Amino acid sequence: MLEVRRLCKSYGGRLVLSPVSFLLPPGQCLGLAGSNGSGKSTLLLLIAQIQRPDSGDVLFEGRSVLGDRRFLRRRLGYVPQSAGLARELTVGEQLRLWQRACGLGGALPGDILELLGLEELLRRPIRTLSGGMAQRLSIAMALLPRPEVLLMDEATSGLDQAYVPRLLDWLEGFAAGGGSLVWCSHHPAELERLCGAVLRLEEGRLLE
């Protein structure tokens with residue numbers, strides 16, 4: 001079980017995320033909704049530990065995972081709004097680099113390459129990718145270690161439309177198999193389809 005316990009964040013003395021807490025059991029999808037600037041992306045950045053919280057904790061299976069590199073690389077996958085891809089690498093090089101960073105070896109997983117249509121792009125330089133191709137690569141990197149927890153921030157935004165239903169189908173199977181998903185989206189239909197519950201944030205605060 002993933003537990004977020006009173007995460008809080010300020011920038012320049014301005015509170016952007018009031019203490020937020022929730023529980024996410026295995027096999028469930030939790031939606032995040034709210035207007036732009038409501039704190040959704042900040043919350044995911046804190047859980048993924050791209051940024052450090054001012055206070056609070058993140059627990060997995062009852063223990064704190066703040067600073068736990070193995071948890072972040074092997075058991076949690078994160079799709080940000082803007083992927084930080086190495087433009088000088090090819091798609092295959094980027095995937096293999098992340099695979100090694102996760103402590104994994106062997107061939108790239110064919111099912112993930114097929115899901116996101118990356119087989120024909122492995123030799124393609126990242127700097128030549130369209131926005132939709134880059135989003136598919138970002139999603140593949142999150143799925144690569146086969147994590148137990150996925151954080152996805154507007155994952156279908158900019159994604160080639162042909163891949164949206166494929167991704168949503170895959171995520172339903174991921175949850176059915178015991179995976180935990182936090183799905184941040186502006187699309188009510190996606191939230192309704194995937195999520196058993198939806199948290200709504202406004203001005204950094206959870207709405208009741």
Side-chain angles (χ1 to χ4, degrees), residues 1-5 7 9 16-17 20-51 53 56 58-60 65 71-72 74-84 111-112 115-116 131-132 134-202 204-208:
M1 177 181 291
L2 180 75
E3 179 181 358
V4 170
R5 186 179 292 176
L7 284 185
K9 184 66 177 178
V16 296
L17 191 71
V20 171
S21 301
F22 65 80
L23 296 173
L24 181 60
Q28 291 195 17
C29 173
L30 178 69
L32 284 182
S35 59
N36 290 333
S38 62
K40 305 185 303 297
S41 294
T42 297
L43 177 57
L44 295 187
L45 286 167
L46 298 181
I47 300 171
Q49 300 179 50
I50 307 301
Q51 296 181 9
V58 178
L59 297 90
F60 185 70
V65 290
F71 169 77
L72 294 171
R74 296 292 294 271
R75 306 184 79 174
L76 181 141
Y78 171 54
V79 179
Q81 276 194 350
S82 300
D111 59 329
I112 293 174
L115 171 70
L116 295 159
Q135 184 71 343
R136 283 189 269 148
L137 174 56
S138 179
I139 295 169
M141 290 173 64
L143 303 186
L144 199 60
R146 303 192 186 280
E148 296 157 70
V149 179
L150 276 172
L151 312 176
M152 308 191 84
D153 193 354
E154 302 289 350
T156 59
S157 178
L159 184 64
D160 308 287
Q161 284 304 302
Y163 290 91
V164 172
R166 295 172 65 174
L167 176 62
L168 297 180
D169 287 348
W170 189 93
L171 290 170
E172 286 182 325
F174 170 76
S180 301
L181 172 64
V182 181
W183 181 258
C184 176
S185 177
H186 286 295
H187 300 293
E190 293 178 0
L191 292 167
E192 182 176 354
R193 174 176 173 177
L194 291 176
C195 304
V198 177
L199 297 180
R200 299 190 181 276
L201 284 165
E202 289 299 339
R205 299 179 183 276
L206 278 179
L207 300 180
E208 296 296 332

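These numbers were taken from a predicted model, which means no experiment stands behind them.
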Sequence neighbours excluded - side-chain hydrogen bond (donor to acceptor under 3.5 Å, both in side chains) pairs with any residue from residues 143-152 = Arg75-Glu148, Asp111-Arg146
Atom [atom1] in [X], atom [atom2] in [Y]: separation rounded to 0.5 Å?
X	Y	atom1	atom2	answer
Leu137	Leu144	CG	CG	10.0 Å
Leu143	Leu167	CG	CG	7.5 Å
Arg136	Asp160	CZ	CG	4.5 Å
Ile47	Gln49	CD1	CD	10.0 Å
Cys195	Gln28	SG	CD	10.5 Å
Leu44	Leu32	CG	CG	5.5 Å

Val79 vs Leu150, side-chain contact (heavy atoms from CB on, under 4.5 Å): CA-CA, chis, key distance, verdict = CA-CA 8 Å; Val79 179; Leu150 276 172; 5.6 Å; no
Quick note, salt bridge (charged side-chain N to carboxylate O under 4.0 Å, His left out) partners involving residues 162-177, not counting sequence neighbours, are Asp169-Arg193, Glu172-Arg193
Any side-chain heavy-atom pair of [X] and [Y] under 4.5 Å:
X	Y	result
Leu24	Met1	no
Leu46	Pro53	yes
Leu30	Leu199	yes
Ile50	Tyr78	yes

Verify side-chain contact (heavy atoms from CB on, under 4.5 Å) between Tyr163 and Leu168, making sure each step is shown before the conclusion.
-> CA-CA 9 Å; Tyr163 290 91; Leu168 297 180; over 6 Å; no
Are Met152 and Cys184 close enough, and set up right, to give a side-chain contact (heavy atoms from CB on, under 4.5 Å), and what steps lead you there?
-> CA-CA 6 Å; Met152 308 191 84; Cys184 176; over 6 Å; no
Compare every heavy atom of [Y] with every heavy atom of [X], then report the nearest pair and how far apart it is.
X	Y	result
Trp183	Cys29	CB-SG, 3.8 Å
Val65	Phe60	CG1-CB, 3.8 Å
Ala33	Leu191	CB-CD1, 4.0 Å
His186	Pro188	O-CD, 3.2 Å
Pro147	Gly77	CB-N, 3.5 Å

Any donor and acceptor pair, going by atom type alone, linking the side chain of Ser180 with main-chain N or O of Pro25 inside 3.5 Å?
-> yes
Under the 3.5 angstrom rule, does the side chain of Arg5 hit a backbone N or O of Val58 as a donor-acceptor pair?
-> no
Have Gln51 and Thr42 got a donor and an acceptor in their side chains that come within less than 3.5 Å?
->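 No, Thr42 and Gln51 have no side-chain donor paired with an acceptor closer than 3.5 Å.
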Cut-off 3.5 Å, side chains only: do Ser157 and Gln81 have a donor facing an acceptor?
-> no
Can you name the one residue among Leu201, Leu207, Leu17 that meets side-chain contact (heavy atoms from CB on, under 4.5 Å) with Ser38?
->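 Option passing the side-chain contact (heavy atoms from CB on, under 4.5 Å) with Ser38: Leu201.
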Arg74: partners by salt bridge (Lys or Arg N to Asp or Glu O under 4.0 Å), with sequence neighbours left out =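 None.
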After noting the C-alpha distance and the side-chain angles of Leu23 and Leu2, does the key distance pass the side-chain contact (heavy atoms from CB on, under 4.5 Å) rule?
-> CA-CA 6 Å; Leu23 296 173; Leu2 180 75; over 6 Å; no
Between Asp153 and Lys40, is a salt bridge (charged side-chain N to carboxylate O under 4.0 Å, His left out) present by the stated rule, with each step listed?
-> CA-CA 8 Å; Asp153 193 354; Lys40 305 185 303 297; over 6 Å; no
